[in-house]
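A short write-up of the structure that comes next.
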Amino acid sequence: MLSESEAIVKLINYLDDNFSKAVEIIFQSKGRLVVTGIGKSAIIGQKMVATFNSTGTPSMFLHAAEAIHGDLGMIQKDDVIICISKSGNSPEIKALIPLLKRDGNPLIGISGNSSSFLAKGSDYVLNTTVDAEACPINLAPTNSTTAQLVMGDALAICLMEMRDFKAEDFAKYHPGGALGKKLLLKVKDMIEHSQKPTVSPDTPVKKVIFEISEKRLGVTAVVENNQVIGIITDGDIRRMLNDRDTFTDLTAKDIMTQNPKSTQSNTMAIDALQILENHSITQLIVIDNGEYKGVLHLHDILKEGIL
C-alpha cells in the first residue's frame, strides 16, 4: 500500500501542459470519449469509462484487440480517444495507433514510457511512469495500474469542475440504490399513500388513543381551522397515564405538544432525516403552505434504505 501511494504522489511531478490540454480537448469535444487498452490497462479503461459516464462525460470502452477486428466502427469523427498502455509498445497497441490516427481524432496516450510508440503517436501524453511495481518480482501490474486509475480520476474530476457538475446532475445518472435515493427521494414520495391521523383540540383522549392506534404512526396531528396547532405522540399518552389515575375529563388540547417539528413535501428525504436526528424524534408533521399533508415516520426512511 505504501509503495502504491508513493507511486501516486510522484505522478504530480509528471503533470504538464499535456494534461490541461487533454482536459480542454475532451471538454470541447462534441463527440464521445473513447477509452481503449489491452490486458490490465483495459480493465482500468473500463473503470475510467464508468466514472466519466457517471460524471457528465459521455464515454465508451473499445478493447484494443477487438478494435482491429471490426470494432473500430464504434469511433465517430468527433470522438476523442484515450489509449492506455504501461509500455506503450505492445503489438496490439502498435497495430492500433495508426488506425486510430487515420481519421484525425485527437489521441491522448496514458503510458509509463514517454519514448514509446504510443507516446510518440499521441497528440497529448499523460505520463504514468512508476519506479517499480509493488509486486515482489516486479511483474504483476500494481503500481502502474493504480497510477493509470488515478490519472483517469484526475481527468474526470477536472471535467466535473469545468462543467460545474452538481449533486443534482450526479443524481440523474444514479437513480437506483441508496445513493440515488439520497439524492432524489423527497418527503412527498414517502407520504403520498400514508395515513393522516387527525384529531380536533376538543377530541376526548380516549378517541385520541383510538386515532393513534388505528393509523399506526405513533402520533396524531391536532388540527383547528385547517391549521396544525399541535401533536400527540405515544410518549405523550404514556406520560399522561403515569401522571393521572383517570383521563375521562381530558381532551387533545390538554396533552398535546404545541409548535411541533415539521417539514414540507418537497424536502429531500435525507434532509428530513437530519431534522429527525437533530431533535431525537421519530415523526415529522408535513405541512405545505399551512395545509396538513401527513406524517413522515423514521421507519419510512429506514425502509427506503437511505441509512
Side-chain angles (χ1 to χ4, degrees), residues 3-4 7-8 10-11 14-16 18-19 21-23 25-26 29 31-53 57-156:
S3 176
E4 295 203 15
I8 292 170
K10 289 181 180 178
L11 285 185
Y14 302 142
L15 292 178
D16 55 19
N18 279 271
F19 181 86
K21 289 176 181 177
V23 173
I25 202 73
I26 297 169
S29 171
R32 303 154 303 173
L33 182 59
V34 179
V35 182
T36 186
I38 195 162
K40 305 299 187 296
S41 296
I43 298 171
I44 296 299
Q46 290 173 0
K47 189 274 178 185
M48 285 186 190
V49 165
T51 300
F52 285 129
N53 278 326
T57 299
S59 305
M60 55 183 285
F61 176 72
L62 172 64
H63 196 283
E66 298 299 329
I68 58 178
H69 292 285
D71 282 359
L72 275 173
M74 297 163 61
I75 302 176
Q76 303 298 307
K77 65 181 181 68
D78 291 325
D79 293 344
V80 176
I81 304 168
I82 289 179
C83 185
I84 314 168
S85 172
K86 177 188 176 182
S87 72
N89 287 320
S90 64
E92 296 87 357
I93 296 299
K94 283 187 173 182
L96 182 60
I97 297 306
L99 302 175
L100 296 176
K101 294 288 292 178
R102 66 185 176 185
D103 292 324
N105 296 81
L107 176 60
I108 301 165
I110 297 180
S111 179
N113 182 356
S114 57
S115 61
S116 65
F117 189 88
L118 170 60
K120 291 177 179 178
S122 298
D123 298 300
Y124 311 98
V125 181
L126 307 185
N127 190 346
T128 53
T129 297
V130 296
D131 296 334
E133 301 289 3
C135 164
I137 55 176
N138 195 30
L139 290 177
T142 44
N143 288 356
S144 58
T145 46
T146 301
Q148 293 168 351
L149 188 67
V150 169
M151 189 64 74
D153 286 343
L155 288 171

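The structure displayed is predicted, hence computed values, not measured ones.
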State, to 0.1 Å, how close Phe117 and Pro98 come at their nearest heavy-atom pair, and which atoms those are.
-> CE2-CD, 4.2 Å
Cut-off 3.5 Å, side chains only: do Glu133 and Ser144 have a donor facing an acceptor?
-> yes
Using atom types as modelled and distance alone, determine if a side-chain donor or acceptor of Asn143 lies under 3.5 Å from a backbone N or O of Ala132.
-> yes
Taking the side chain as every heavy atom from C-beta outward, state whether His63 and Ile38 have any pair of such atoms under 4.5 Å apart.
-> yes
How long is the span from the CD1 atom in Ile8 to the OG1 atom in Thr128, to the nearest 0.5 Å?
-> 12.0 Å
Close side-chain approach of Ile25 to Ile108, heavy-atom, < 4.5 Å = yes
So how far is it from Thr36 OG1 to Asp71 CG, rounded to the nearest 0.5 Å?
-> 9.5 Å
Might you confirm whether atom NZ of Lys40 has over 12 heavy atoms from other residues, nucleotides or ligands at distances under 6.0 Å?
-> no
Of all the heavy-atom pairs spanning Leu96 and Leu72, show the shortest one and how long it is.
-> CD1-CD2, 4.0 Å
In short, Cys135 meets Ala140 closest at the heavy-atom pair SG-N, 3.4 Å
Please name the pair of heavy atoms, one in Ser116 and one in Asn113, separated by the smallest distance, quoted to 0.1 Å.
-> OG-O, 2.8 Å
Option among Leu118, Ile84, Ile93 that satisfies the side-chain contact (heavy atoms from CB on, under 4.5 Å) test with Ser111 | Leu118
Heavy-atom side-chain proximity of Met151 to Leu15 below 4.5 angstrom = yes
Consider only side-chain N and O atoms of Ser87 and Asn89, and report whether a donor and an acceptor are under 3.5 Å apart.
-> no
N/O donor-acceptor pair under 3.5 Å between Ser59 side chain and Thr57 backbone = yes
What closest approach, in Å, do Val35 and Phe61 show between heavy atoms, and which atom pair accounts for it?
-> O-CD1, 3.2 Å
Taking side chain as C-beta onward, heavy atoms only, is Leu100 less than 4.5 Å from Asn105?
-> no
For Leu11 and Ala147 the tightest heavy-atom approach is CD1-O, 3.6 Å
Scan Gln148, Lys86, Gln46 and name whichever one has a side-chain hydrogen bond (donor to acceptor under 3.5 Å, both in side chains) with Ser41.
-> Gln148
Are any non-hydrogen side-chain atoms of Lys47 and Leu149 less than 4.5 angstrom apart?
-> yes
Is there a side-chain contact (heavy atoms from CB on, under 4.5 Å) between Lys101 and Asp123 once you walk through the steps?
-> CA-CA 10 Å; Lys101 294 288 292 178; Asp123 298 300; 2.9 Å; yes
Report yes if the side chains of Ile82 and Leu155 come closer than 4.5 Å at any heavy-atom pair, otherwise no.
-> yes
